[in-house]
Chemist: 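Provided herewith is a single structure, encoded as structure tokens, for subsequent inquiry.
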Amino acid sequence: MVRNPQANREQFRPDDHPNDTFLLTSVVGSYPKPKWLNRADELVDDVESKFDEADLEEAHDDAARLITDEHERAGLDTVVDGEVRRNEMVEFFADRIDGYEFNGPVKVWGHNYFDKPSVVDDVEYDEPWLVDEYEFTNQVADRPVKVPITGPYTLGFWAFNEAYDTTEDLVYDLADLVNEEIEKLVDAGARYIQIDEPALATTPEDHAIVGEALDRIVSGIPEDVRIGLHVCYGDYSRIYPELNDFPIDEFDVELSNGDYEQVPVFEDPDFEPDLALGAVDAHTAEIQSVETIKQNILQGLRIVPPEKLTISPDCGLKLLPRAIAYGKMENMVQAAREIEAEIDAGEIDPDNPVESYSE
């Protein structure tokens with residue numbers, strides 16, 4: 001059952017927001033790293049270099065400060081540090097969870113390799129994974145900070161299971177660890193948590209496992225903390241309307257890359273959580289125009305009313321040139337603000353958004 005998104009959404013509206021209507025704007029998480037940061041990562045592993053771990057930490061701090069500022073200059077209501085301290089979404093967390101080990105890269109497609117971990121013992125929580133990252137970003141940010149976390153389903157199914165009778169059992173233990181991490185983030189002040197579950201799109205018949213994992217994740221988490229679920233790509237008809245039973249506040253969906261062909265999937269029955277709509281395509285090195293993005297936002301209004309709509313890119317932007325990523329965000333925010341103003345002025349009917357806009 002959906003949590004209570006109306007209890008936590010309004011806290012992200014800026015005090016100087018220009019319109020009565022509020023379309024929350026955000027990013028999914030990853031963002032292009034400065035090229036000098038990639039060089040810093042290489043230098044710290046070079047035995048002939050004088051660049052050490054303290055220097056690398058300073059470089060990560062500088063990059064996090066830079067990307068956070070970039071998100072704010074683009075006008076986003078909630079920001080992320082671009083995940084500049086992370087390498088890969090599974091590796092980063094597996095390296096911090098007792099019970100995982102790494103035995104070398106695995107070829108996944110073409111010439112791409114993934115350092116797929118193995119679970120060799122019961123997973124256990126040791127030191128916090130993201131609290132330091134959040135506290136630094138929150139200190140340098142003027143806007144609220146969203147914290148993306150790779151979810152237990154993806155952490156379980158994108159690893160070799162050598163310790164548990166079933167991967168389902170592994171997922172539930174991981175969900176308990178994610179819950180422990182979120183509790184620490186909440187204690188540190190975090191109010192916007194996003195669970196990333198791309199693996200659900202590859203094995204959607206397991207939506208019941210994800211639902212049980214989410215129940216564990218949100219156990220004891222207060223309603224003023226916004227819990228989002230991000231699932232990129234896939235045939236969403238295979239998990240809808242089941243996702244209406246997930247204990248989340250917001251569902252983040254990739255639709256721009258598919259030209260919104262799957263919008264009808266979510267129109268019946270009514271979509272219950274808030275919708276985080278992918279309004280710009282994260283897979284093309286092209287900055288969509290403000291007008292194009294406005295047309296995309298109207299597709300989201302076919303599913304939910306404005307007070308339940310969040311605007312974001314389809315997915316993380318880390319594979320794009322930084323100038324392209326920034327341009328996409330800047331235009332996305334401008335498009336959202338213009339749609340808000342036009343709703344306020346009665347120029348767009350939220351009950352009939354596409355037709356009323358085109359008239």
Side-chain angles (χ1 to χ4, degrees), residues 1-13 24 26-29 77-81 83 89 92-93 96-97 123-138 141 143-156 168 170-200 207-231 239 242-253 271-276 307-308 310 312:
M1 183 173 126
V2 169
R3 295 177 87 233
N4 188 10
Q6 59 268 35
N8 53 57
R9 180 186 180 91
E10 194 64 18
Q11 66 185 303
F12 304 113
R13 179 197 288 260
L24 173 61
S26 189
V27 285
V28 171
D77 300 310
T78 63
V79 301
V80 181
D81 71 353
E83 301 179 1
M89 66 182 305
F92 178 86
F93 291 95
R96 287 158 176 77
I97 299 173
V123 293
E124 295 182 0
Y125 189 91
D126 185 13
E127 296 294 324
W129 312 332
L130 301 170
V131 172
D132 287 348
E133 174 186 300
Y134 166 75
E135 289 181 333
F136 180 87
T137 308
N138 191 52
R143 295 290 176 95
V145 175
K146 180 165 77 172
V147 184
I149 302 178
T150 303
Y153 186 82
T154 298
L155 289 173
E168 180 178 351
L170 167 61
V171 168
Y172 295 152
D173 275 5
L174 287 166
D176 292 337
L177 305 192
V178 173
N179 171 260
E180 193 169 349
E181 175 67 12
I182 292 177
E183 287 180 342
K184 287 181 169 53
L185 285 165
V186 170
D187 288 343
R191 290 297 178 269
Y192 198 168
I193 309 292
Q194 176 184 285
I195 309 300
D196 294 329
E197 288 288 17
L200 179 58
H207 52 73
I209 298 176
V210 174
E212 169 63 24
L214 287 166
D215 280 335
R216 293 169 180 248
I217 286 171
V218 304
S219 176
I221 305 303
E223 287 188 344
D224 67 341
V225 177
R226 189 169 185 83
I227 302 293
L229 175 67
H230 172 63
V231 180
I239 60 172
E242 287 80 7
L243 72 83
N244 277 340
D245 295 326
F246 289 170
I248 57 176
D249 296 298
E250 178 181 270
F251 184 71
D252 192 314
V253 61
F271 193 86
E272 294 189 13
D274 284 3
L275 172 68
E307 63 271 17
K308 291 179 64 64
T310 298
S312 74

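Source: prediction; values computed, not measured.
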Chemist: Heavy atoms only: give me the nearest I248-V2 pair and the separation to one decimal.
Modeler: O-CG1, 3.2 Å

Chemist: Drop me the distance from E83's CD to E133's CD, to the nearest 0.5 angstrom.
Modeler: 7.5 Å

Chemist: May I ask you to decide if W129's main-chain N or O and E181's side chain share a donor-acceptor pair within less than 3.5 Å?
Modeler: yes

Chemist: Under a 4.0 Å N-O cut-off, is there an ion pair linking R13 with D77?
Modeler: no

Chemist: Are P144 and Q11 side-chain neighbours, meaning at least one heavy-atom pair lies under 4.5 Å?
Modeler: no

Chemist: Name the residue from V80, L185, D81 that meets the side chain to side chain contact (heavy atoms under 4.5 Å, CB included) definition with V147.
Modeler: L185

Chemist: Would you compute the distance between atom OH of Y153 and atom CG of L229 and round it to the nearest 0.5 angstrom?
Modeler: 12.5 Å

Chemist: Can a donor-acceptor pair be found, under 3.5 Å and without considering hydrogens, that links the side chain of Q194 to the backbone of V28?
Modeler: yes

Chemist: Could you grab the distance from atom OG1 of T154 to atom CD1 of I149, nearest 0.5 Å is fine?
Modeler: 12.5 Å

Chemist: Is the closest side-chain donor-acceptor distance between N244 and E242 under 3.5 Å?
Modeler: no

Chemist: State, to 0.1 Å, how close P148 and D196 come at their nearest heavy-atom pair, and which atoms those are.
Modeler: CB-OD2, 3.7 Å

Chemist: Would you say the side chain of Y192 lies within less than 4.5 Å of the side chain of L24, judging by non-hydrogen atoms?
Modeler: yes

Chemist: Who passes side-chain hydrogen bond (donor to acceptor under 3.5 Å, both in side chains) against N8, sequence neighbours left out?
Modeler: R226, D249

Chemist: So, do L170 and V123 sit near enough that their side-chain heavy atoms are less than 4.5 Å apart?
Modeler: yes

Chemist: Counting N and O atoms only, with roles assigned by atom type, does the side chain of N138 sit under 3.5 Å from a partner on the main chain of V145, one being a donor and the other an acceptor?
Modeler: no

Chemist: Would you say Y134's side chain and G189's backbone share a donor-acceptor pair under 3.5 angstrom?
Modeler: yes

Chemist: Would you say the side-chain atoms of E135 pair up with the backbone N or O of A188, donor to acceptor, closer than 3.5 Å?
Modeler: no

Chemist: What I'd like to find out is whether the side chain of P152 reaches to under 4.5 Å of the side chain of R216, using heavy atoms alone.
Modeler: no

Chemist: Given I182 and I195, is the side chain to side chain contact (heavy atoms under 4.5 Å, CB included) satisfied, shown in steps?
Modeler: CA-CA 10 Å; I182 292 177; I195 309 300; 4.1 Å; yes

Chemist: Minimum heavy-atom separation for P5 to K308, with atom names?
Modeler: CG-NZ, 4.3 Å

Chemist: For R191 versus V186, what's the shortest heavy-atom pair and its separation?
Modeler: NH1-O, 3.3 Å

Chemist: Indicate yes or no: at least one non-hydrogen side-chain atom of I193 is less than 4.5 angstrom from one of I221.
Modeler: no

Chemist: Donor-acceptor pair, distance only, cut-off 3.5 Å: does the side chain of T150 make one with the backbone of M89?
Modeler: yes

Chemist: When rounded to the nearest 0.5 angstrom, what is the spacing between CG in L177 and CG in D126?
Modeler: 11.0 Å

Chemist: Measure the CD-CG distance between E10 and D224 for me, rounded to the nearest 0.5 Å.
Modeler: 14.0 Å

Chemist: Answer yes or no for R96 and F92: cation-pi contact, defined as NZ/CZ to six-membered ring centre under 6.0 Å and angle to ring axis within 45°.
Modeler: yes

Chemist: Quick check against the 3.5 Å criterion: does R3 have a side-chain atom that pairs as donor or acceptor with the backbone of F246?
Modeler: no

Chemist: Could you tell me whether the side chain of I209 reaches within less than 4.5 Å of the side chain of Y172, counting heavy atoms only?
Modeler: yes

Chemist: So do the side chains of D245 and H207 get within less than 4.5 Å of each other, counting heavy atoms only?
Modeler: no

Chemist: Is any side-chain heavy atom of I239 less than 4.5 Å from a side-chain heavy atom of F251?
Modeler: yes

Chemist: Among side-chain atoms of S26 and T310, is any donor-acceptor pair under 3.5 angstrom?
Modeler: no

Chemist: Are any side-chain N or O atoms of K146 and backbone N or O atoms of V27, one a donor and one an acceptor, separated by less than 3.5 Å?
Modeler: yes

Chemist: Which atom names give the shortest non-hydrogen contact between A213 and V171, and what distance separates them?
Modeler: CB-CG1, 4.0 Å

Chemist: Between N179 and S219, which heavy-atom pair has the shortest distance, and what is it?
Modeler: ND2-O, 2.9 Å

Chemist: Going by side-chain contact (heavy atoms from CB on, under 4.5 Å), name the residues that satisfy it together with E180, two or more places apart in sequence or in a different chain.
Modeler: Y125, K184

